[in-house]
> 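Below you'll find the structure I mean.
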Amino acid sequence: MSVVTRFAPSPTGSLHLGSARTALFNWLFARHHKGTFLLRIEDTDRKRSTEASIKAIFEGLQWLDLDWDQDVVFQCSRAALHAAAAHRLVEEGKAYYCYATLEELENMRAEAKAKGLPPKYNGFWRDRSPQLAPSGVPPVIRLKVPQQGETLINDLVQGSVTVSNTQLDDMVLLRSDGTPTYMLSVVVDDHEADVTHVIRGGDHLTNTFRQLQLYEALGWKAPQFAHIPLIHGSDGAKLSKRHGAVSVNSYRDLGYLQEAICNCLLRLGWGHGDDEIITREQAIAWFDIDHVGQAPARFEFARLDHLNAHYMRTLSDASLLERLIPFLTKPISVPLSDTHRTRLLKGLSGLKRRAKTLVELAENALPYLINAPIPYSLEALNVLCVSENNALIKAVLPLLTTVEWTHAALETCLRTFASDRSIGFGKVAQPLRWALTGCRVSPSIFEVLDTLGRTESVARLKDACQTGEHHG
RNA sequence: GUCCCCAUCGUCUAGAGGCUUAGGACAUCGCCCUUUCAAGGCGGCAACACGGGUUCGAAUCCCGUUGGGGACGCCA
C-alpha cells in the first residue's frame, strides 16, 4: 500500500517552527516513499480559527517549498460526516449522551485529583437511561472507553507505549451544540483519506491512546503513528512565544533563507552520519522515520545563523539579489535603480561572505545604494579631519583619475603608493575606507572601488576631503 | 496530583554489545592568511547523568535513582 501522510494544523496562529518541522517530516517521508502528502486545516474550533491564520499557514508552507497533493481539506466542511459517525456509535451502544454540566465536570476532576486519582469524567451518564436527563441541558456524546485492560501504541519513533485504561476517560465526541471535537474529526478524516502514517509532535502521544479506542469502536484499522519529539527553546521548555520568534514567517522576515530553515529543522531530531549540509534531494533520498531520535531537541540561533550564512554564500549572486531586494527597500526607502542594481550585483560576492542574514546583508549593502555626497558619522568625521588622512586621500586622488579601473590595477596602484611612502598598507586603506563607505568595515578596498566605479569613487573622496577640512 | 516519555561535549548529533583512545558540526579559544570585517585553513577545550545488574566484554540490554519534558478541556 502506498504511503499517505498529512499535515493537519489548526488555524489558530501562524505556522509555528515546530509545526513546520512536522510538516517537513511528513512531506519528506511521503516524497521518500513516493507517496502522497495531504494538507488538512483543522478548523473545528470555530471560535479560534481565523482566515489570517489559514493564509499564514499556506504562505509558510509555500515559502518552505512544501507542496501538498490534492485539494486542501477544511475539516469543518466535513462536520456532518463526523456527527454521523458519533450517532452510529450511540446506536451501536458504544457511545452515549452525557448531561453533565461544566460545573459538575469541574467538581469531578477536583474530587478525583484530591483522592490521588487521574482527573477525569466519572462516567455518571454511561449506563444511565437518557429518560433521567434533566430538562434544558443539551447533551454531549461520549465514547464508552473500556475501563479494564490497557491500550498499546506501537509507535514508529517511541516504540511500544502502554497505558492502563483506567487512565482514559469517556471523551467527548460531539459537543452539546452538535459539532464534532478534534478527537472524532481527526480519526474520521484520517480514515477517510486512507492516511497510512500519522507523523506528529510528541504532545499528541497521549491523545493517541484515546484515538486508538475510537478506531477500535468504529471498527477501523488505525494508521501507523510516529510521534516526533518536540522542539524546545534554549531553556529546555517546549518552544513557545516567550522564546521570541516562533513562526516561520517571522524567520523569513528576520532574513533567513528557506533552505537554511529546512536544513536546520531537518537536523533537529534527525541525523545522517556526519552530514550537516543537506540538500532537498539528499533529504528526500535519506529521510526515514527509523532514524528520528526520541529525545527533544533545543533550538538555538547559532546553528541557524551558520547554515544561513552558508546558503547565502553558495547561492548565485543573481538569485541572492532577488531574495535581498525586499530587504533593501526598507533602509533606502526608494525602488532600486538600475545603477544601484548593477552595482549591488557586482559587489554582492564580497558582501555575502560578511553577513549571516539578509537583513544584515542589506545593512552592509547600504554604501553601494547611495550616491556622493554620502553621510558621515561622527566617528567617520573624526578620521577624515585628521590632516595626515586628509592629505593622504588628496594624494591618492590624482592616481585614481588615471589608473586602469580594474581590481588588479587598483591593487597594484595603491600598494605601490603605500610602499613608495614606506607606510603600511593599512594606513592607506583605512582612511580610504572611511571616506568611500562611511564605515569602519567593508569588503576589500579594491573591491569597493571597483564596485563603485571611478566617477562615484572620486566624487566620494573629493567630498570626504572637503568635509574633513571643514570639520578640521 | 495522575499517567506517559526522554537522557552522549555548552548545543545539534554519529553510535544497532567488541571496529571507540567515543566521531562530526555549531558555539568557544588559539594560530595562519590579511587593508578592516568576514570567509577560508590548521589546531585546542569539551560528553556517554548516577547506582546496580546481565555478559568474557555495555554509551549500546535490564532494573532503580535523579534530572528534564509532555499530556490530563464540550482546544487542537
Side-chain angles (χ1 to χ4, degrees), chain A residues 8-12 42-45 47-49 75 98 100-102 105-106 109-110 112-121 138-142 153 155 158-159 161-164 166-169 171-177 179-183 185-186 201-207 209-210 227 229-230 232 234 236-238 264 267-277 291 293-307 309 313 350-356 364 411 414-415 418 424-430 432-434 437 439-446:
Chain A
S10 60
T12 54
E42 309 225 312
D43 54 354
T44 53
D45 184 347
K47 287 184 283 289
R48 295 201 305 151
S49 300
Q75 197 157 50
C98 165
T101 63
L102 264 30
L105 290 171
E106 211 169 292
R109 290 192 191 103
K113 223 166 171 174
K115 284 189 206 161
L117 296 168
K120 57 177 205 176
Y121 172 65
V140 299
I141 292 180
R142 286 181 185 272
I153 304 173
D155 193 89
Q158 305 295 340
V161 185
T162 310
V163 75
S164 161
T166 56
Q167 292 295 322
L168 274 27
D169 71 353
M171 70 209 184
V172 173
L173 266 22
L174 220 56
R175 300 187 186 103
S176 52
D177 65 1
T179 60
T181 61
Y182 157 78
M183 290 290 178
S185 302
V186 121
D203 50 347
H204 281 287
L205 188 62
T206 51
N207 287 332
F209 295 118
R210 298 184 168 80
H227 289 93
L230 296 175
H232 287 175
S234 47
K238 186 171 157 178
C264 188
R267 287 285 289 102
L268 248 34
W270 179 85
H272 185 266
D274 287 344
D275 298 299
E276 298 290 347
I277 304 291
H291 271 77
Q294 293 168 278
R298 294 185 190 205
F299 171 80
E300 285 187 349
F301 272 93
R303 170 172 298 268
L304 179 59
D305 283 346
H306 174 259
L307 286 167
R313 259 179 276 131
L351 243 25
K352 68 183 179 184
R353 221 172 317 152
R354 294 170 163 81
K356 301 256 184 240
N364 297 345
E411 174 155 12
L414 290 175
R415 284 198 192 279
F425 186 67
K427 297 273 187 225
V428 178
Q430 208 49 24
L432 283 177
R433 171 167 290 113
W434 279 109
T437 67
C439 302
R440 171 186 294 282
V441 303
S442 81
S444 136
I445 203 70
F446 316 115

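Reminder, nothing fancy here: chain letters follow the sequence lines and each chain counts from 1. Note that this is a predicted model, so its numbers are computed, not measured.
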> Would the distance check show the side chain of A/Q158 and the main-chain N or O of A/H227 forming a donor-acceptor pair, the cut-off being under 3.5 Å?
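Answer holds: yes.
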> For B/C9, give the paired nucleotide (Watson-Crick: N1-N3 plus N6-O4 or O6-N4; G-U: N1-O2 and O6-N3; both under 3.5 Å), or none.
none
> When you check the phosphate oxygens OP1 and OP2 of B/A76, does a side-chain N or O of A/T181 lie under 4.0 Å from one of them?
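It does not, given that no N or O in the side chain of A/T181 lies less than 4.0 Å from OP1 or OP2 of B/A76.
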> Taking atom P in both B/C62 and B/G24, compute the distance separating them and give it to the nearest angstrom.
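Rounded to whole Å, the distance is 29 Å.
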> Please determine, for B/U54, whether a Watson-Crick or G-U wobble partner exists with both distances under 3.5 Å, and give it or none.
none
> Go ahead and name the base partner of B/G40; Watson-Crick or wobble counts if both distances stay under 3.5 Å, otherwise write none.
B/C32
> Please assess A/R415 against A/F446 for the test side chain to side chain contact (heavy atoms under 4.5 Å, CB included), listing each intermediate value before the final yes or no.
CA-CA 10 Å; A/R415 284 198 192 279; A/F446 316 115; 4.0 Å; yes
> For nucleotides 61-69 of chain B, which of its nitrogen or oxygen atoms have a protein nitrogen or oxygen under 3.5 Å away, and what is each distance?
| from | atom 1 | to | atom 2 | distance (Å) |
| --- | --- | --- | --- | --- |
| B/G69 | O2' | A/H232 | NE2 | 3.1 |

> Need one value for A/F446: base, sugar-phosphate or nothing, where a base atom within 4.0 Å counts as base even if backbone is also close, heavy atoms only.
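A/F446: base contact, heavy atoms under 4.0 Å.
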> Examine B/A25: is either OP1 or OP2 under 4.0 Å from a nitrogen or oxygen in the side chain of A/R303? Give yes or no.
no
> Considering Watson-Crick and G-U wobble pairs with both distances under 3.5 Å, what does B/C19 pair with?
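Base-paired to nothing in any strand shown.
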> Could you check which of B/G15, B/U13, B/C5 has an atom nearest any side-chain atom of A/Q158?
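Within the option list, the nearest is B/C5.
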> Quick one: OH on A/Y182 to CG on A/D45, what's the gap to the nearest 0.5 Å?
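One finds 13.0 Å between OH of A/Y182 and CG of A/D45.
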> Would you please confirm or rule out a distance under 4.0 Å between OP1 or OP2 of B/U11 and any side-chain N or O of A/R267?
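It does not, given that no N or O in the side chain of A/R267 lies less than 4.0 Å from OP1 or OP2 of B/U11.
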> Taking the nucleotide of RNA chain B with the nearest heavy atom to each, does A/R354 or A/L102 sit closer to the 5' end?
A/R354
> Report yes or no: is there a donor-acceptor pair, N or O only, under 3.5 Å between the side chain of A/S444 and the base of B/U35?
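Under the 3.5 Å cut-off, the side chain and the base do form a donor-acceptor pair.
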> Both distances under 3.5 Å, Watson-Crick or G-U wobble: report the partner of B/C3, or none.
B/G70
> Expressed in whole Å, how much space separates the P atoms belonging to B/G17 and B/G44?
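Here B/G17 and B/G44 have their P atoms 31 Å from each other.
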> Pick base, sugar-phosphate or nothing for A/N207, based on heavy-atom distances below 4.0 Å to the nucleic acid.
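Contact class for A/N207: base.
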> With both distances kept under 3.5 Å, what pairs with B/A46, Watson-Crick or G-U wobble?
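Checking every strand shown, B/A46 finds no partner, since no pair has both distances under 3.5 Å.
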> With heavy atoms under 4.0 Å as the rule, sort A/I445 into base, sugar-phosphate or nothing.
base
> Determine whether a donor-acceptor pair (N or O, by modelled atom type, separation under 3.5 Å) exists between the side chain of A/R109 and the backbone of A/K120.
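Absent.
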> For A/A114 and for A/D274, find the nucleotide of RNA chain B with the closest heavy atom, then tell me which residue's nucleotide is more 5'.
A/A114
> Using only heavy-atom distances, decide whether a donor-acceptor pair under 3.5 angstrom links the side-chain of A/S176 to the base of B/C74.
yes
> So, is A/K120 near the phosphate of B/A71, with a side-chain N or O under 4.0 Å from OP1 or OP2?
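Checking A/K120 against B/A71: no side-chain N or O falls below 4.0 Å of OP1 or OP2.
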> As a test of reading the structure: which of B/A7, B/U36, B/A71 is closest to the side chain of A/D203, going by heavy atoms?
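Looking only at side-chain atoms, A/D203 lies closest to B/A71.
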> Check nucleotides 40-43 of chain B against the protein and report each pair of N or O atoms closer than 3.5 Å, with its distance, or say if there are none.
| from | atom 1 | to | atom 2 | distance (Å) |
| --- | --- | --- | --- | --- |
| B/G40 | OP1 | A/R313 | NH1 | 3.2 |

> With heavy atoms under 4.0 Å as the rule, sort A/V172 into base, sugar-phosphate or nothing.
sugar-phosphate
> Expressed as a whole number of Å, how far does the C1' atom of B/G53 sit from that of B/U60?
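Their C1' atoms lie roughly 15 Å apart.
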> Indicate whether OP1 or OP2 belonging to B/C74 is found under 4.0 Å from a side-chain N or O atom of A/R142.
yes
> Just compare B/U11, B/U2, B/C5 and give me whichever is closest to any side-chain atom of A/V161.
B/C5
> Check the phosphate of B/C6 against A/Q294, side-chain N and O only, distance under 4.0 Å to OP1 or OP2. Yes or no?
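Yes, A/Q294 has a side-chain N/O under 4.0 Å of OP1/OP2 on B/C6.
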> Rounded off to whole Å, could you give me the OH-to-P distance for the A/Y182 and B/A76 pair?
9 Å
